[in-house]
Enquirer: 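The structure is given below, and queries will be raised subsequently.
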Amino acid sequence: MKKATKVLTLALAMVMLAGVLTACGGGSKSGDTLTFGTNAEFPPFEFVTSSGVIGEYDGIDMAIAKKIADENGMTAAIENMEFDSLLIALQNGQIDAVIAGMTATDERRETVDFSTTYYTATQVMIVKEDSDIAKATDMADKKICVVQGYTGEVCVQEMGYTYEAFKKGTEAVLELVNGKCDVVVIDSATAQKYVGDNEGLKIVEDASAFESEEYAIAVRKGNTELLDKINSSIEKMLSDGTINELAVKYTEETTAE
Ligand code: ARG
């Protein structure tokens, strides 16, 4: 090849590569797939069932994800993974957004951007019905169970208590049911679900110890194109009562025997 042809070929290759990069980089055009990452171990927000709203995935978050995609002419897809892996997968580009009953914390805001809040929750304590735990400080000399990477773990850590962390909420609750731990600290709506599913448990709240937590959808930092779409969908679903209806529907459904 002559030098001029070589340069031309190289230039052409670079233009083609740039074209490929932009075609893959957006991920939020009409007709595209909008891939949400979640950890489907968190009823009533996300759980696995025989026929869910997106494939086998169902719950408040899954219904919200589907509506966001539908409204923007996209197809919602779910990637189910460990809770701890979600923000890394988002940064890697493996998923476009995270919807996982995820609390928008300052620490997480350092690495990702969060949407408008769509649900407000708080940490609560699940204990045996005959427990003498009445407030958070009563946990001081008790055996505490949390779920790894959840805000409940951070709370207990900040209180300076020792605890055991489990991979799943159901595992922590089983430990409590079996009398191997005294208290599980976890998000309120999920706690309601576990108490409904297991005999002999109750919820203890302590508003002075646990702040309210705002659930939001995470996107990569600076992905304002997608964030704007998500925010306008959320705002619409908040004002027309859709999110309220979903919360009622899935709270009843997942606690019914
Ligand atoms: N709200 C808590 C947090 O952000 C727990 C979320 C757990 N979500 C889940 N899909 N497993 O840390």
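Remember, it's 1-based here, ligands and their atoms both numbered in the order they're listed. Along the sequence shown, residues are numbered consecutively beginning with 1.
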Enquirer: Does any donor atom in the side chain of S51 or E56 lie under 3.5 Å from an acceptor atom in the other side chain?
Expert: no
Enquirer: Using a distance-only test with no angle check, is there a side-chain donor-acceptor pair under 3.5 angstrom linking N231 and T116?
Expert: yes
Enquirer: Side-chain donor-acceptor contacts of residues 97-107 below 3.5 Å, not counting sequence neighbours, with atom names and distances?
Expert:
residue, atom, partner, partner atom, Å
T103, OG1, E213, OE1, 2.7
T105, OG1, R108, N, 3.1

Enquirer: For a salt bridge (Lys or Arg N to Asp or Glu O under 4.0 Å) with E41, tell me which candidate from K168, K193, K167 qualifies.
Expert: K168
Enquirer: With backbone taken as N, CA, C and O and side chain as the heavy atoms from C-beta onward, which portion of T151 lies under 4.0 Å from ligand 1: side chain, backbone, both, or neither?
Expert: both
Enquirer: Give the minimum heavy-atom separation between Q94 and T35, together with the two atoms involved.
Expert: O-CG2, 4.3 Å
Enquirer: Give the atoms of ligand 1, by number and element, whose distance to some non-hydrogen atom of E46 is under 4.0 Å.
Expert: 9 (C), 10 (N)
Enquirer: If you count the atoms of ligand 1 from 1 in the order shown, which ones are under 4.0 Å from a heavy atom of T103?
Expert: 1 (N), 2 (C), 3 (C), 4 (O)
Enquirer: Kindly identify the option in G101, A100, A189 whose heavy atom sits closest to atom 8 (N) of ligand 1.
Expert: A100
Enquirer: Backbone, side chain, both or neither: what part of F42 comes under 4.0 angstrom of ligand 1, heavy atoms only?
Expert: side chain
Enquirer: Taking atom types as modelled, find out whether N39 and E82 have a side-chain donor-acceptor pair closer than 3.5 angstrom.
Expert: no
Enquirer: In ligand 1, which numbered atoms sit nearer than 4.0 Å to a non-hydrogen atom of D187?
Expert: 1 (N), 2 (C), 5 (C)
Enquirer: Taking only heavy atoms of Y215 into account, list the atoms of ligand 1 that are under 4.0 Å away from them.
Expert: 1 (N)
Enquirer: Is N39 close to ligand 1, meaning an N/O of one under 3.5 Å from an N/O of the other?
Expert: yes
Enquirer: Output the list of atoms in ligand 1 that are nearer than 4.0 Å to some heavy atom of R108, sorted by atom number.
Expert: 3 (C), 4 (O), 12 (O)
Enquirer: Any donor-acceptor pair under 3.5 Å linking the side-chain atoms of S233 with those of E71?
Expert: yes
Enquirer: Below a 4.0 angstrom heavy-atom separation, can you tell me which part of F45, side chain or backbone, both or neither, approaches ligand 1?
Expert: neither
Enquirer: Through direct or indirect side-chain contacts below 4.5 angstrom among Ile, Leu, Val, Met, Phe, Trp and Tyr, which residues connect to V204?
Expert: M125, V127, I133, M139, I144, V146, V156, M159, Y161, Y163, V183, V185, F210
Enquirer: Which atoms from ligand 1 have a heavy atom of M102 less than 4.0 Å away?
Expert: 4 (O)
